[in-house]
Amino acid sequence: MKISGIGSSLPKQVVTNQMLAEILDTSDEWITTRTGIKERRVLSSEYVLDLAVDAAQKALVDANLEAKDLDFVIVANVVNEYVTPALSCIVKEKIGAKCPCIDLNGACVGFIYACDIAEAYYKIGRVKNVLVVCAEAPAHMLDWHDRTCAVLFGAGAGAAVLTPGDNIITTRLTSSDGWDRLYEMHDLQWCPFDKKGSTNLPLVMHGQDVFRFATSTCVNDLNVVLKEANLTADQIDTYFIHQANLRIIKYIEQMLGQPAEKFPTNIEKYGNTSSASLPILLDETKRAGKLHEGDMIAFSAFGAGLVSGAMIMKW
Ligand code: UT7
């Protein structure tokens, strides 16, 4: 398969570090030096669903396809407004597609997981055109009094239309122990026979543990896929790294011995948008004219699970 169209969508509301410093015991200086984030977008009047539909429609236009041409819709998402049905069912109906659809909770690795599942469908001949949408609002999972998490996340959506091709060179997915390093439990309805009580707790993240996992798994995953693809780090034109922390991205640059120009970033504008981070970055890089046909590109992401993934693709 190959990516034939890409699109993204972001909420209107900008929340700067300064705005956070007015409500939390934090500062622009701390957030910038520790994470690279200057501002993020947060849902105000929109829903996650609106971002997903908007990104999907833009990707279809970019691919010059119509929704009725789609054979499968995969939506990567952690939390949205609906427990049921799957977000993909609503996105599919809103854009006018008539095909099967599933949701996938791959946390920040959702884009790579979704592409890998789509590729398997291509390999067994089940699909021609697939839509992958990553739509997230992690900022709505947080305790906004908790400065350790509230400054990190933002909302956004990115989408990719996949069509037949042989552009995926190799993909690696991993899972490691450590689910309790980054998790949040559902707020379940009260049941008179359940003695456990309420589970209404916000996101829990052990930042330093996740940081260590991220840096080690990213470098390892990229080295493994480079080896599988029979490529050196120098032969990759652009590295798309999950936008969780600029320090993680800088570490990977150093470990691979590659120049910063090969690592586009938008974390400064959007913070961590979970699975949407990679397709939003891909879309912006493409629209900036920095992707050329035949370029070798690598993706790497890590997140709750703990899971990680890397993929090498010819553009
Ligand atoms: O996409 C999901 C994957 N998530 C990630 O990849 C996140 C990975 N982790 C990280 O990016 C970093 O660990 C963080 C950005 C979350 C935290 O940075 P850190 O350099 O690991 O800071 P820390 O947790 O060691 O905290 C250092 C200090 C602490 O104060 P004390 O104990 O030294 O007095 C924190 O309480 O910074 C304090 N702190 C803050 N200070 C001002 C934590 N958050 C803030 C804040 N503003 N927002």
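What's counted below: heavy atoms across the whole structure, side chains too, no hydrogens, waters or symmetry copies. Indexing begins at 1, ligand by ligand and atom by atom, following the structure's order. Numbers here are sequence positions counted from 1.
- Nearest to atom 35 (C) of ligand 1 among the protein's heavy atoms is R147 NH2, 3.9 Å.
- Within the 4.0 Å cut-off (strictly below), a protein heavy atom is located near atom 9 (N) of ligand 1.
- In this structure a side-chain-to-backbone donor-acceptor pair under 3.5 Å is present from D283 to S8.
- Counting heavy atoms from C-beta on, the side chains of L43 and E81 come closer than 4.5 Å.
- Listed by atom number, the atoms of ligand 1 under 4.0 Å from R34 heavy atoms are 19 (P), 20 (O), 22 (O), 27 (C).
- In summary, the side chains of D234 and Q258 do present a donor paired with an acceptor at a separation below 3.5 Å, with no hydrogens or angles considered.
- Contact annotation: for V151 versus ligand 1, heavy atoms closer than 4.0 Å belong to the side chain alone.
- In this structure the side chain of F240 reaches within 4.5 angstrom of the side chain of P264, judged on heavy atoms.
- Distances from atom 41 (N) of ligand 1 to the protein include at least one heavy-atom value under 4.0 Å.
- Looking from atom 14 (C) of ligand 1 to the surrounding protein, the closest heavy atom is N245 ND2, 4.5 Å.
- The protein atom (non-hydrogen) at minimum distance from atom 47 (N) of ligand 1 is T26 OG1, 2.6 Å.
- Of the heavy atoms in L24, none comes closer than 4.0 Å to ligand 1.
- Of the options N272, I37, I249, a side chain to side chain contact (heavy atoms under 4.5 Å, CB included) to Q243 is made by I249 and by none of the others.
- Scanning the protein for heavy atoms near atom 23 (P) of ligand 1, the closest one is Q208 NE2, 3.7 Å.
- Between F302, W30, F211, F213, it is F302 that holds the heavy atom closest to atom 6 (O) of ligand 1.
- Within the 4.0 Å cut-off (strictly below), no protein heavy atom is located near atom 32 (O) of ligand 1.
- A donor-acceptor pair under 3.5 Å links the side-chain atoms of D103 to the main chain of L87, judged by distance alone.
- The side-chain heavy atoms of M311 and E119, taken from C-beta on, include no pair separated by under 4.5 Å.
- Each of the atoms 18 (O), 20 (O) of ligand 1 lies under 4.0 Å from some heavy atom of R247.
- Side chains of E228 and T170: a donor on one and an acceptor on the other come within 3.5 Å.
- Proximity of L20 to ligand 1 is not established, as no heavy-atom distance is less than 4.0 Å.
- When side chains are defined from C-beta on, I95 counts as touching L131, because their heavy atoms get closer than 4.5 Å.
- Q57 places none of its side-chain heavy atoms less than 4.5 Å from the side chain of V61.
- Formation of a donor-acceptor pair under 3.5 Å by the N245 side chain with backbone atoms of R34 is found in this model.
- Below 3.5 Å of separation, one finds no N or O of L182 facing any N or O of ligand 1.
- Close contacts between ligand 1 and V210 involve ligand atoms 3 (C), 4 (N), 5 (C), 6 (O) [criterion: under 4.0 Å to a heavy atom].
- Near C108, the atoms of ligand 1 lying under 4.0 angstrom from a non-hydrogen atom of the residue are 1 (O), 2 (C).
- In terms of polar-atom proximity, defined here as any N/O pair under 3.5 Å, T35 makes no such contact with ligand 1.
- Between M255 and C218 the shortest side-chain heavy-atom distance does not fall below 4.5 Å.
- The ligand atoms of ligand 1 that sit less than 4.0 angstrom from a heavy atom of I248 are 6 (O).
- Less than 4.0 angstrom separates atom 20 (O) of ligand 1 from at least one non-hydrogen atom of the protein.
- The contact set between ligand 1 and T148, taken as ligand atoms under 4.0 Å from a residue heavy atom, comprises 43 (C), 44 (N).
- Considering backbone and side-chain atoms alike, N272 places an N or O below 3.5 Å from some N or O of ligand 1.
- Residues K12 and S45 have side chains that bring a donor and an acceptor to within less than 3.5 angstrom of each other.
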